[in-house]
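Below, all heavy atoms of this structure are taken into account, side chains as well, without hydrogens, waters or symmetry copies. Numbering of residues begins at 1 and proceeds along the displayed sequence.
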Amino acid sequence: MGAVAIAAAMARLDAEVRALTVIPFAPSPMTGTEPLVLAEAELRHQQMAERRTREAVRLQLAHGLSGVPALVVQGRIVPTIVASAREWEAEVILLGLHRHDLIDRLTGEETALRVARSAAMPVLAVT
């Protein structure tokens with residue numbers, strides 16, 4: 001919710017704000033990569049997860065950002081965020097921080113850190 005509050009403040013200052021949520025591909029049990037073909041049950045599960053994510057985003061944006069365009073896409077999280085920011089000619093990427101365990105931090109798996117390393121524009125990460 002911190003990122004939503006900051007984005008709402010930015011919008012009140014006439015900044016153009018867009019919301020993006022990336023749903024990661026479900027890993028394939030055999031390879032650990034994006035699956036090429038999903039079984040019907042997996043597809044239904046993924047569609048339900050996407051609906052829940054869209055609803056969660058809608059509820060979050062209702063707290064001060066109801067008019068902001070919100071895009072929910074499936075893809076690889078970091079490259080999708082960075083590519084979208086570049087496409088939108090964003091001046092800054094605003095990310096919400098989530099709890100990560102020590103292993104995530106030591107291995108560099110923290111999303112905000114990976115986005116900051118990949119993006120050509122500043123990244124503001126808030127709790």
Side-chain angles (χ1 to χ4, degrees):
M1 292 302 283
V4 172
I6 298 292
M10 293 170 74
R12 284 192 298 274
L13 296 171
D14 290 331
E16 183 180 347
V17 176
R18 296 182 190 193
L20 172 69
T21 298
V22 182
I23 301 171
F25 288 117
S28 168
M30 298 299 289
T31 65
T33 61
E34 295 87 10
L36 295 177
V37 178
L38 291 176
E40 188 176 329
E42 290 176 20
L43 183 58
R44 278 196 310 271
H45 175 74
Q46 206 164 345
Q47 289 170 338
M48 263 191 336
E50 185 173 334
R51 280 194 298 274
R52 283 193 305 267
T53 299
R54 287 181 188 280
E55 180 61 15
V57 168
R58 188 190 67 71
L59 290 173
Q60 281 187 330
L61 295 180
H63 293 69
L65 289 173
S66 56
V68 168
L71 182 61
V72 178
V73 298
Q74 187 175 24
R76 292 174 47 223
I77 295 172
V78 173
T80 303
I81 291 170
V82 172
S84 296
R86 189 175 334 139
E87 178 184 319
W88 294 338
E89 298 179 355
E91 293 181 31
V92 65
I93 297 173
L94 175 62
L95 296 173
L97 289 175
H98 304 285
R99 294 195 64 115
H100 291 277
D101 62 22
L102 180 61
I103 299 301
D104 289 339
R105 294 183 194 279
L106 291 175
T107 60
E109 292 302 314
E110 188 172 330
T111 301
L113 180 60
R114 292 173 46 218
V115 169
R117 287 181 179 151
S118 302
M121 67 281 300
V123 175
L124 174 60
V126 298
T127 57

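The closest side-chain heavy-atom distance from L95 to V115 is below 4.5 Å. The shortest distance between side-chain heavy atoms of V126 and L94 falls below 4.5 Å.
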Which atom pairs, donor and acceptor, lie under 3.5 Å between side-chain atoms of residues 81-88 and protein residues at least two apart or in another chain?
residue, atom, partner, partner atom, Å
S84, OG, T80, O, 2.8

All N/O donor-acceptor pairs, side-chain side in residues 1-23, below 3.5 Å, sequence neighbours left out:
residue, atom, partner, partner atom, Å
E16, OE2, R18, NE, 3.2
E16, OE2, R18, NH2, 3.0

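Neither V92 nor L71 shares a network with the other; the hydrophobic side chains, linked directly or stepwise wherever heavy atoms of I, L, V, M, F, W or Y lie under 4.5 Å apart, form separate groups for each. Both I77 and V123 sit in one connected hydrophobic cluster of ILVMFWY residues. Membership requires side-chain heavy atoms under 4.5 Å apart, directly or through other members. Residues L97 and I93 fall into different hydrophobic clusters, defined by Ile, Leu, Val, Met, Phe, Trp and Tyr side chains chained together at heavy-atom separations under 4.5 Å.
Residues M121 and E91 share a closest heavy-atom pair of CB-O, 3.7 Å.
Residue pairs that meet the side chain to side chain donor-acceptor pair (under 3.5 Å) test with at least one member in residues 47-59, sequence neighbours left out, are E50-R54, E55-R58. Pairs of residues two or more places apart, or lying in two chains, never qualify as salt bridge (Lys or Arg N to Asp or Glu O under 4.0 Å) while including a residue from residues 63-72.
Hydrophobic side-chain contacts under 4.5 Å tie L59 to no other Ile, Leu, Val, Met, Phe, Trp or Tyr residue. Alongside M48, the hydrophobic cluster contains no other residue (criterion: ILVMFWY side chains under 4.5 Å).
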